[in-house]
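One is the number of the first residue; the rest follow in order along the sequence. Note that these values count all heavy atoms, side chains included, but never hydrogens, waters or copies made by symmetry. Computed from a predicted structure; not experimentally measured.
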Amino acid sequence: MEETTPNGRPVRVLVADDEAMVRAGVRAILARDPHIDVVAEAGDGSEALALTRRHRPDVVLLDIQMPGLDGLTAVARLRQEPSTVGVIMLTTFGQDECITRALEEGADGFLLKADDPRELLNGVRAVGAGGAYLSPRVAGRVIAGMRAHRTAHPHRSLDRLTQRERDVLALLAAGLSNAEIASRLHLVEGTVKQHVSAVLAKLGARNRVEAAVAAHEAGLTPPRRG
């Protein structure tokens, strides 16, 4: 998978967490990849917003629970600005309602602090390349929540999708960017963008993460390489 931003430069990351040891641990993990560059650290949501405006990172890692301005409010405010920064929420078990709200606010990815460190690297690479990412355990919790509320929120059927749209959705759910999907399916990127727009419209999904959740729930798997 591509490890840089679409223009080929390293993925610039801002880490926001109120615990200095957590920030240090995240920085140490990301330092394993020479194509990822941590440009700033923040101890709360307000500082994260200010540093995002100053450093213009590609990805912001936001802890959900922080003093003052928390991660949920911070992602909502980021989405009110013209910036296209990718946002990954860092969360712990027992916060299903927070995951749902962050999804509604426009987060591009979710990771558990207890996840394997490789999930952190995979998530930053995917979101930095313009994709979305759910760690397997987060996806499982979101899907379980969707199933528990299926009466109020009916399952999005994939029946309306064409086979090509299903292929695009499966790769989107695997964390691939539009450029990577285009390469995998031997399409031009503009065509992939059209397919993604059609998928979102047909599923009634507001963003790539919601579409990815629907794909995970349906058990959709990426097509074999042709």
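Listed by chain and number, the residues in a side chain to side chain donor-acceptor pair (under 3.5 Å) with D116 are R118 (sequence neighbours excluded). Residues passing the side chain to side chain donor-acceptor pair (under 3.5 Å) test with Q80: none are found, sequence neighbours excluded. Shown here are the side chain to side chain donor-acceptor pair (under 3.5 Å) partners of R166, two or more places apart in sequence or in another chain: there are none.
The two atoms that bring D58 and P10 nearest to each other are OD2-O, 3.7 Å, heavy atoms only. In this structure, L176 and R184 approach most closely via the heavy-atom pair CD2-NH1, 4.4 Å. Taking all atoms of both residues into account, the shortest heavy-atom contact from L200 to A211 is CD2-CB, 3.7 Å. Closest approach of M89 and I64 over heavy atoms only: CE-CG1, 3.7 Å. In plain terms, the two heavy atoms of S83 and V85 that are nearest each other are OG-N, 3.1 Å. Summarising the geometry of L121 relative to I29, their closest heavy-atom pair is CD2-O, 3.6 Å, with the distance given to 0.1 Å.
Using a cutoff of 4.0 Å between basic side-chain nitrogens and carboxylate oxygens, R79 and E105 are not scored as salt-bridged. With respect to the salt-bridge test (charged N to carboxylate O, under 4.0 angstrom), the residues R9 and D37 do not qualify.
Rounded to the nearest 0.5 Å, atoms CG (L111) and CG (L61) are 7.0 Å apart. Residue L187 holds its CG atom at 9.5 Å from CD1 of I181, rounded to the nearest 0.5 Å. To the nearest 0.5 Å, the span separating CG on L62 from CG on D17 amounts to 9.5 Å. Note that CZ of R12 is 11.0 Å distant from OG1 of T52, once rounded to the nearest 0.5 Å.
A distance-only check finds no donor-acceptor pair linking the side chain of Q194 to the backbone of T191 [under 3.5 Å]. Put simply, the side chain of D33 never gets that close to the backbone of L30: no donor and acceptor are under 3.5 Å apart.
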message: Let's go through V15 and V26 carefully: what are the C-alpha distance in whole Å and the side-chain angles of both, what is the deciding distance for side-chain contact (heavy atoms from CB on, under 4.5 Å) to 0.1 Å, and is it a yes or a no?
response: CA-CA 8 Å; V15 180; V26 170; 3.9 Å; yes
query: Does the pair L169 and L203 meet the rule for a side-chain contact (heavy atoms from CB on, under 4.5 Å), with working shown?
result: CA-CA 11 Å; L169 174 60; L203 295 181; 4.0 Å; yes
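Two residues are said to be in side-chain contact when any heavy atoms from C-beta on lie closer than 4.5 Å; D115 and L120 fail this criterion. Contact check for Y133 versus R125: no side-chain heavy atoms found under the 4.5 Å cut-off. Counting heavy atoms from C-beta on, the side chains of V59 and V87 never come closer than 4.5 Å.
Paired with R208 under the rule side chain to side chain contact (heavy atoms under 4.5 Å, CB included), one option of D108, L172, V199 passes, and it is L172. Tested against E165, the residues R160, H195, K202 include a single side chain to side chain donor-acceptor pair (under 3.5 Å) partner, K202.
Listed by first and then second residue, the salt bridge (Lys or Arg N to Asp or Glu O under 4.0 Å) pairs that reach into residues 63-78 are D63-K113, sequence neighbours excluded. Within the structure, salt bridge (Lys or Arg N to Asp or Glu O under 4.0 Å) contacts touching residues 47-57 (residues at least two apart or in different chains) are R53-E81. Counting only residues at least two apart or in different chains, salt bridge (Lys or Arg N to Asp or Glu O under 4.0 Å) contacts with residues 186-200 are absent.
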